Amino acid sequence: MSVTDDRPAELAPDGEPATTHVDERQARQVAEAARETTWRKPSFGKELFLGRLRLDLIDPPPTPEPEVAARGAEFLAKLRAYAESDIDGAQIERDAFIPDEVLRGLAELGAFGMKIDQSYGGLGLSNLDYCRALTLVGSANPAIGALLSAHQSIGVPQPLKLFGTAEQKQRYLPRLAAGEVSAFLLTEPDVGSDPARMSCTATPVQGGYWLDGVKLWATNGTLATLLVVMAQVPASEGHRGGITAFVVEGDSPGITVERRNAFLGLRGLENSVTRFHQVFVPTENVIGREGQGLKIALTTLNTGRLSLAASCVGAGKWALGVARQWAAARVQWGLPVARHEAVAQKIAFIAATTYGLESLIDLCCRLADDDRNDIRIEAGLIKLFASEKSWQIADELIQIRGGRGYETAESLRARGEKGIPAEQILRDLRINRIFEGSTEIMHLMVAREAVDAHLSVAGDIIDPGATLGRKAKAGARAGAFYARWLPTLGVGRGQLPGGYADFGALAPHVRFVERAARKLSRETFYAMARWRGKMERKQGFLGRVVDIGAELFAMSAACVRARISGDPAELELADLFCRQSRVRVDALFTALWHNTDGVDVRAARRVVEGRYAFLEEGILPLSDEGDWVSTWEPGPSTVEDARRRL
Ligand SMILES: Cc1cc2nc3c(=O)[nH]c(=O)nc-3n(C[C@H](O)[C@H](O)[C@H](O)COP(=O)(O)OP(=O)(O)OC[C@H]3O[C@@H](n4cnc5c(N)ncnc54)[C@H](O)[C@@H]3O)c2cc1C
């Protein structure tokens, strides 16, 4: 969590990107430079971490324009009919392949242009309906949801919508709306969470750039005809340099799709290793400006992360349906298994959490559509919370299903039972905790934003690299800020017995959220005072702070939704969710200061040094074939192109 520094990625003096010897500080500077540093709009999440429950920012949630809502409803009805009649999810899973006719059918419906404005031939759906569509179509097969989401949330349409020139939009958006598939290529063998190591280069030449490099794990990469590619431009005369985003024609000479990758889940995913060898990209294909690539990627992801959460909501709904029916039908020890307390707890968790997740996604989409609020913290929280919680839901579902949970749908069907793919859903969901910002990175990212208010006044005090003079100035600034701010954390509406009475039976939960937000802020402040510059290394602490924030946000969303609905069943679900969430929050608060974090860090060091290698004896040794991380040599491809053409 280093202090804001707007410098672009460090480049070596000879103009080559300094990719192989990027130290920790440089890596952080690159991430820092990509951050949006200003807050122009209010943020519920930011206020929450500062100890202020600003319900007015989310209650009532914005409502979509009637015309937009009607358009969305019409599309959703068509998509549902198509998914029911024409998408065979089991076949996609078996063949690890989404048939051409399904992709064409989706294109005809306009599914590739859901987020593209009508003026470019798209459907111009709201985020709310886009996410509902992904929830729906992902329930037919999650790989289709991932394909559409990668295409529209991180692929070419969204960065062009936000940062493209009029000419770029005119040229590419109609093609994409009509069904051409796009992909987003940032990751490389040596670039995962840390983009500073990027070795793909864009060398300025007459009229454009030469792209060289190898990109890994590009979802849709085997199919895509338009790519967003992130590459390092070396700084030189007339070139600011830095990581830059380009729109690239997938068919450009010099591009080879070298492999289609296969995974634990999402078997239908069309995911590639793609090589670029002296691929010419004209200057007009730069998105934004040179050096803005990561900022563009991060801004794009703000709303992009909502679509990942939408697929998690779909999984929760599906798990709930299976749990409800199966646990009532399956009788063991004289009772339906739903009546055994251990199983009942799991069913209640699935129901409550699905309600919490849906409330969150619904609220975040409305906030994104309304555009009055900054949702970067909320989008991070929902990505984190939905991917973690839906994974737990799938795991609990498998337990409820017993041996059948572990059996494949095909095997179940072959024995004459319902082909319920619980194990597939578990496998399909697992990636959500890794891509589009892993859980560990989301913790750091949200924590960085959450304590931004502190850093903006106290940043230099806790920056180990700041001079004494800067630290002293920051100390004076911080003193004035905290003198005003700290007293506000002592008392609040959450302590009044009648506070938030308009929430009826849910009022105690809202009061809890208000008190917990203030407590969270106090604990964060205390930790900053205690650890100062070392705070950024306290990932266990920061992760729990963020997890508490996510729970409080989810409780707020559930209470607001249930109060507005007034439906007794919804009020029950919101109450259930909040009760469970409060238990988790209490445990997280306890673990802030009672944990094994320091011990674990020291133990991990000893593990890595090999002190406990004896514990690995008694099994066959690991194969020593291949490298841990592959390296690549520049030059033309030596393998056959694995591209899939529609
Ligand atoms: C199925 C699939 C689809 C994908 N689709 C795309 C795509 O379309 N486009 C694209 O560009 N990429 C894509 N990716 C790549 C994906 O975004 C990366 O896997 C992800 O960013 C994590 O990078 P990594 O796997 O290299 O993990 P690493 O960065 O090597 O991380 C390894 C572990 O260390 C943790 N870690 C790393 N840094 C830190 C830190 N500072 N603090 C704490 N923990 C840390 C990580 O969380 C993780 O647990 C895809 C990957 C998969 C598997």
Side-chain angles (χ1 to χ4, degrees), residues 1-2 22-32 96 142-143 145-156 158-159 181-198 200 213-224 227-231 243 245 257 259-274 293-294 296-298 300-301 304-305 307-308 311 383-384 387-388 427-448 536-543 546 597 600-601 604 608 628-630:
M1 204 176 302
S2 58
V22 178
D23 67 23
E24 197 180 350
R25 193 168 172 80
Q26 287 170 316
R28 283 156 193 260
Q29 281 174 351
V30 170
E32 231 3 84
L147 180 147
L148 290 173
S149 160
H151 164 71
Q152 282 167 99
S153 293
I154 56 175
V156 179
Q158 191 66 6
V181 181
S182 71
F184 171 80
L185 290 79
L186 183 147
T187 303
E188 299 175 9
D190 205 24
V191 177
S193 310
D194 170 14
R197 302 178 74 84
M198 188 169 290
C200 190
V214 170
K215 291 289 183 184
L216 179 64
W217 293 327
T219 296
N220 299 347
T222 50
L223 271 173
L227 318 172
V228 176
V229 182
M230 295 286 166
I243 296 175
V257 174
R259 288 193 57 75
R260 179 184 170 203
N261 305 307
F263 300 100
L264 172 74
L266 294 180
R267 283 169 45 80
L269 209 65
E270 290 283 349
N271 183 288
S272 70
V273 173
T274 303
L294 286 181
I296 288 172
L298 284 185
T300 302
L301 270 176
R305 293 204 168 104
S307 59
L308 188 147
S311 64
K383 191 277 170 186
L384 175 70
S387 57
E388 289 293 330
R427 289 186 287 102
D428 288 349
L429 280 171
R430 185 62 182 83
I431 187 59
N432 291 326
R433 299 171 60 205
I434 297 172
F435 64 11
E436 295 192 21
S438 68
T439 289
E440 293 73 23
I441 297 298
M442 295 316 294
H443 274 150
L444 297 182
M445 194 211 94
V446 176
R448 173 68 184 86
E536 62 183 354
R537 300 223 173 262
K538 301 289 178 190
Q539 295 192 348
F541 182 91
L542 293 172
V546 172
D597 294 354
D600 294 340
V601 168
V608 171
W628 286 108
V629 177
S630 59

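Atoms within a ligand are numbered from 1 in the order they appear, just like the ligands themselves. From a predicted model like this one, the values you see are computed outputs, not experimental measurements.
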| task | Not counting sequence neighbours, which residues clear side chain to side chain contact (heavy atoms under 4.5 Å, CB included) with R259? List them please. | result | N261, V273
| Can any side-chain N or O of R305 pair as donor or acceptor with the backbone N or O of S153 at less than 3.5 Å? | no
Could you go through ligand 1 and note, for every N or O atom, any protein N or O atom closer than 3.5 angstrom, writing the atom names and distance to 0.1 Å, or 'none'?
| from | atom 1 | to | atom 2 | distance (Å) |
| --- | --- | --- | --- | --- |
| ligand 1 | 5 (N) | W217 | O | 2.9 |
| ligand 1 | 5 (N) | T219 | OG1 | 2.8 |
| ligand 1 | 8 (O) | T219 | N | 3.0 |
| ligand 1 | 8 (O) | T219 | OG1 | 3.4 |
| ligand 1 | 9 (N) | F184 | O | 2.8 |
| ligand 1 | 11 (O) | L186 | N | 2.9 |
| ligand 1 | 11 (O) | T187 | N | 2.9 |
| ligand 1 | 11 (O) | T187 | OG1 | 3.1 |
| ligand 1 | 12 (N) | T187 | OG1 | 2.6 |
| ligand 1 | 29 (O) | S193 | N | 2.8 |
| ligand 1 | 29 (O) | S193 | OG | 2.7 |
| ligand 1 | 42 (N) | Q539 | NE2 | 3.1 |
| ligand 1 | 47 (O) | S438 | OG | 2.7 |
| ligand 1 | 47 (O) | E440 | OE1 | 2.7 |

| query | With no hydrogens and no angle check, do the side chains of T439 and E388 hold a donor and an acceptor under 3.5 Å apart? | reply | yes
| request: Calculate, to the nearest 0.5 Å, the distance between atoms CD and OG1 belonging to E270 and T222 respectively. | output: 3.5 Å
| field | Whether N220 side chain and A183 backbone form a donor-acceptor pair below 3.5 Å | value | no
| query | Counting only N and O atoms by type, is there a donor-acceptor contact under 3.5 Å from the side chain of T187 to the main-chain atoms of G192? | reply | no
